[in-house]
Every structure is written in C-alpha cells, then in structure tokens.
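Notes for the one structure printed next.
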Number of protein chains: 2
Amino acid sequence: MTDLYLIRHGLAGERGTYENDDQRPLTKEGDRKTCQVASRLKKLGLQFDLILTSPLTRARQTADILKATGLSSQCSELAALAPDGNIQDWIIWYNTWSSTEGKSLALVGHQPDLGNWAELLIWGTVKESLIVKKAGIIGITLPATGSPLGNSQLFWLTPPKFLLG
Amino acid sequence: MTDLYLIRHGLAGERGTYENDDQRPLTKEGDRKTCQVASRLKKLGLQFDLILTSPLTRARQTADILKATGLSSQCSELAALAPDGNIQDWIIWYNTWSSTEGKSLALVGHQPDLGNWAELLIWGTVKESLIVKKAGIIGITLPATGSPLGNSQLFWLTPPKFLLG
C-alpha cells in the first residue's frame, strides 16, 4: 500500500497578469499560507519519500516550501502533473516507482486535475464532486497490488481553513 | 445549500461486552477524544442548527458532547441513523427540515452507514471507499434544490488524528 497525498498549489497571481500562465508565482499571501500548511503537516508527523510536482512555477514553489519544511528530502518534476495532464502517464511512472521506492508520495498540482485524478483512483469515474481549495490536501490509500484506478480509498480531504484553524 | 456534517461516534466498549449492543457506551478514552474533537470543531468556528443522532447510546453520548461544547443548541434522535438505517427515510425528514429550518446540520451515526450515505449523496452509488474513523468527520455540501443523492459535493473528510495533531 502507498499513502498518496495530492496537494494543490497555494494562492498565485491572477490569471492574465503574466504573459505566460505557467510562470505565475505564489502571492505573498499564498506563500505565507502554504508555509503554514507545510508546518502543520510536519507537526502532524507526515513524511514523504518523494514530492512529485507539476513544473509550473506556482506548483514548483509550493513543492519547494514542502521540501524546505522538512516533509521530504526528494523533489522531482513530472510533466503529467501540469494542467490537463493524463493520469495514465502518471500511472506508468508510479508502477515503476512503487516497485522499488518508498510508500509515501506527495503530488503537487492543479485543479480540476487533482480532484479528477482522486475520483478516478477512488471511484474510477470523474464527477467533479470533490472541493479542493488552494493549498488543500487529498489523502488516498493505493492498493498494494493491481491497478489503483477505482481500487483506492479516501482517508483525508481538507481545505487549509480546517487544517490551520 | 446545506452544509452537512456526518460524525461517527467515538470509541465505545467492545462489541459483546454488553448484553444489548445498542447500549454500549463510549469508553473513557472515547469520551476524552470526542471532547477534544468537539472543542476543535468549536474553535474552527463550526455551528450546527441541529444535531441529529442515532438513538444508540454511543452515538447519543457523542451528540451530547457536541451539544455541551456549544456546537448546537438543538439535538434530536432519528431512528434512520441507527445501524442499517435507510437513507431514504432521512431524505424524507431532510426535505421537510430544509424547507423551513437552518442550513448547517450534523448527523451522528455509525459505520459503514455514514460512509455509504456520503457516497450515495456524492456519487449516487456505494463502493465503501471512504475511510471514516471513530469521531471522524465527513463534510458535504447539499444542493439548494433537487435531490441531494448524487448531486452533493465533498469538502471535508478527516480522522481525529489530523484534526487534533
């Protein structure tokens, strides 16, 4: 079994304020709240064998904050985590990783993709029925064997407001 | 729209230790942790217009703790929240309540029923894919009109360990 944590990037600059949407950074407020969320996760005892992130600036910055907070010593980019990425590309990556590597994995990415991927893992279909706030977290247990699609279980979904209080 | 909070009763005495399973009370530890969860919910600013509970002792005690913590001034029992209760019975109750009453409702009950009801509200089918721990919470937004079955959204799912830290 693998514990998978899907983490949405923090609050970023407004769409259209940057020529290239991929380069929109976290705002000061986004940076602050993401740091608070990361500290809280650390205090809760979470530790990731790897943080895998979308290459977009706002996701990369979120992943860097998680790593700097001590939640993982490893951080890599995966193109499939960019907006409209295909979960099948990640599944191929995951099948290789999970056969040899650790058992706790964080993905940093975007909406609606993270919510859609979560639904595909848990129920096998997408209904866009999960509300995933910026810097929010989804926790899913993937099965030890067989495809995780439609065979995983949800153990956590939280917006930052219920995490920080 | 209604914010619906499904709350599982706290840790109770072991099955078989009471002649009538309905009368198993919370253990000392169950009482303690349920009080901690209730205090945390209060601190997070939650307020329920009504707490509706299964009539079984362990659920009733959990509901009483929530009420005593100031999370609601109203608490009632509903037979449909007992184990193996039918969600349709609750829907009939809810349709009447929601037409005249408040917009924030807590249900206190049992597994696997609470997780199954949540899946019916969100996805319209049961896969037993939600992990709901004792004194754990599911937060669901129900639509303002139309049937909530298959038309609701999940905004929160947390075990006590991620709430209390």
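All values below were derived from every heavy atom in this structure, side-chain atoms included, with hydrogens, water molecules and symmetry-related copies excluded. Lettering follows sequence order; numbering is per chain, from 1.
- The side-chain contact (heavy atoms from CB on, under 4.5 Å) test with B/S129 singles out one residue from A/L121, A/I140, A/T141, A/I122, and that residue is A/I122.
- Cluster membership check: B/W90 shares its hydrophobic cluster with B/L154, using side-chain heavy-atom separations under 4.5 Å among Ile, Leu, Val, Met, Phe, Trp and Tyr.
- Judged by distance alone, the side chain of A/K127 and the main-chain N or O of B/G150 form a donor-acceptor pair under 3.5 Å.
- A continuous path of hydrophobic side-chain contacts links A/L41 to A/V108 [ILVMFWY only; heavy atoms under 4.5 Å].
- Applying the 6.0 Å contact sphere to CD of A/E14 captures no more than 12 heavy atoms from other residues, nucleotides or ligands.
- When every heavy atom of B/Q153 is checked against every heavy atom of A/E128, the shortest pair comes out as NE2-O, 3.0 Å.
- Following chains of ILVMFWY side-chain contacts shorter than 4.5 Å, one can reach B/L120 starting from A/L130, so the two form part of one hydrophobic cluster.
- Of the residues B/L157, B/I131, B/T158, the one that meets the side-chain contact (heavy atoms from CB on, under 4.5 Å) test with A/W156 is B/T158.
- In this structure, chain B has a heavy atom under 4.5 Å from the backbone of A/S152, while its side chain stays farther away.
- Most heavy-atom pairs under 4.5 Å with chain A, from the set B/R40, B/K161, B/K133: that is B/R40.
- The same ILVMFWY cluster, assembled from side-chain heavy atoms under 4.5 Å apart, contains both A/L6 and A/L52.
- In the hydrophobic clustering of ILVMFWY residues, with side-chain heavy atoms under 4.5 Å counting as a link, B/L164 and B/I137 come out together.
- Residue A/L46 holds its CG atom at 5.0 Å from CZ of B/F162, rounded to the nearest 0.5 Å.
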